Amino acid sequence: MSYIIECKKLRRTGLILTFFGGGLLAALIPVFNMAFRSEMYITQNEPPLQILFDANWQIMAMLNILLIVSGACALYHIEYGDNAIQKMAALPLPGNSLFFGKCLVLTVLAALMLLPEILSLVFCIYYWFSGAETLNMAFYREIFAGYGYLLLLILPLILITLLIASAFRNMWISLGVNIVCVFIATMLPTNNFALSLFPFALPFQTLAGTDGRRVIGFMICAGVEILLIGIAEMIYRNIRRCFE
């Protein structure tokens, strides 16, 4: 029920087109990079997918993070506008349905955003890296695993941005706090495992070329962060209800 309500609200935000357009914009980065500097990459000895991720994913991930931050702030801004959040509280819905309904909506939008980006990498491999020899079943399994891995590491970011957005009635304050966290994440070294667990830094990680134990560690820690942020949201909601 809450998810249906949230989907109806999307018509007021334009987030579906924004996320899909943002995904297309990020998808153009590896295409243009290969079009103008292909000789720099096709001579390297690493697997093509790893080459493309190493060359393009930092800026692509930054665009993804900024889209999620703006989407989270917009989703809660429509609740605080005209006191709609009080009207939602009067509906016969569980107390956490509003937050987790928005989490589900933003997760679906993130999956929509990542899809053209992954497809652009497949196109680059096919066009510039002898795709007839490279595109086999093992490659497609790696692509699907990488897509799921990226989506999993985005989930803690979705929850923490929504939690910050829910804490402030003024959208510009929540947007500013999230942007500060984004800039902090860009200053953290990506090769440091502990610092990379910061939710705003997790989306910069990729499956290609990453040690198996490190991948498992990131997946476990992402699951723990999802659980902890969910618990923090319930505690925050109960404390806020006591003061209202």
Side-chain angles (χ1 to χ4, degrees), residues 19-20 22-68 110-157 182-223 225:
F19 270 75
F20 187 69
L24 289 178
L25 178 62
L28 291 176
I29 294 174
V31 175
F32 281 112
N33 199 7
M34 290 299 300
F36 291 104
R37 300 194 299 173
S38 59
E39 66 282 352
M40 178 184 299
Y41 302 113
I42 60 177
T43 57
Q44 298 181 20
N45 296 323
E46 288 80 8
L49 191 59
Q50 180 180 346
I51 294 173
L52 290 173
F53 269 122
D54 291 342
N56 305 286
W57 188 248
Q58 294 299 307
I59 183 63
M60 293 170 70
M62 175 61 72
L63 288 175
N64 294 342
I65 293 171
L66 292 176
L67 276 173
I68 291 172
L112 178 68
M113 172 188 68
L114 287 173
L115 185 59
E117 299 175 11
I118 294 296
L119 292 178
S120 73
L121 298 179
V122 176
F123 169 77
C124 291
I125 292 173
Y126 177 81
Y127 191 84
W128 281 286
F129 290 93
S130 302
E133 302 174 2
T134 308
L135 302 182
N136 49 38
M137 288 303 299
F139 170 79
Y140 286 116
R141 284 195 296 268
E142 184 180 2
I143 282 290
F144 283 120
Y147 177 78
Y149 183 72
L150 293 174
L151 188 58
L152 174 64
L153 296 191
I154 279 180
L155 289 179
L157 173 67
V182 172
F183 283 126
I184 292 174
T186 59
M187 294 185 290
L188 300 177
T190 56
N191 57 351
N192 187 301
F193 179 79
L195 295 179
S196 297
L197 296 179
F198 184 46
F200 287 85
L202 275 177
F204 289 105
Q205 305 299 321
T206 64
L207 186 62
T210 307
D211 180 73
R213 290 180 296 179
R214 187 180 175 92
V215 169
I216 294 174
F218 276 123
M219 293 175 65
I220 293 174
C221 291
E225 289 182 8

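As the structure is a computational prediction, the values presented were derived from the model and not from experiment.
Between the CD1 atom of I68 and the CZ atom of F200 there is a distance of 10.0 Å, given to the nearest 0.5 Å. In this structure, F198 CZ and E225 CD are separated by 9.5 Å, a value rounded to the nearest 0.5 Å. Once rounded to the nearest 0.5 Å, the distance linking CG of L28 with CE of M60 reads 9.5 Å. Rounded to the nearest 0.5 angstrom, T206 OG1 and Q50 CD are separated by 7.5 Å.
In this structure, W57 contributes its side chain and P203 its backbone to a donor-acceptor pair below 3.5 Å.
Around atom CZ of F20, no more than 12 heavy atoms belonging to other residues, nucleotides or ligands sit under 6.0 Å away.
You'll find the side chain of L207 stays beyond 4.5 Å of the side chain of L49, heavy atoms only. Taking the side chain as every heavy atom from C-beta outward, V182 and M62 approach each other to under 4.5 Å. Considering only heavy atoms from C-beta on, F204 stays 4.5 Å or farther from S196 through its side chain. When side chains are defined from C-beta on, E117 counts as touching N64, because their heavy atoms get closer than 4.5 Å. Residues F129 and I51 are in side-chain contact: their nearest non-hydrogen atoms beyond the backbone lie under 4.5 Å apart. Side chains of P48 and F139 form no contact here, defined as non-hydrogen atoms less than 4.5 Å apart.
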Would you give me the side-chain donor-acceptor pairs under 3.5 Å for residues 144-153, sequence neighbours excluded?
residue, atom, partner, partner atom, Å
Y147, OH, A111, O, 2.8

Just distance, no hydrogens or angles: give the donor-acceptor pairs under 3.5 Å from side chains in residues 29-37, sequence neighbours left out.
residue, atom, partner, partner atom, Å
N33, OD1, R37, NE, 3.0
N33, OD1, R37, NH2, 3.1
N33, OD1, Y41, OH, 3.4
N33, ND2, Y41, OH, 3.2
N33, ND2, N56, OD1, 2.8
R37, NH2, Y41, OH, 2.9

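Taking the six-membered ring where the residue is Trp, W128 and F123 present perpendicular rings, their angle passing 60° and hence far from 30°.
The two atoms that bring P199 and L157 nearest to each other are O-CB, 3.7 Å, heavy atoms only. Heavy atoms only, all atoms of each residue included: P116 and A27 are closest at O-CB, 3.4 Å. Nearest heavy atoms, C221 versus F193: SG-CZ, 4.1 Å.
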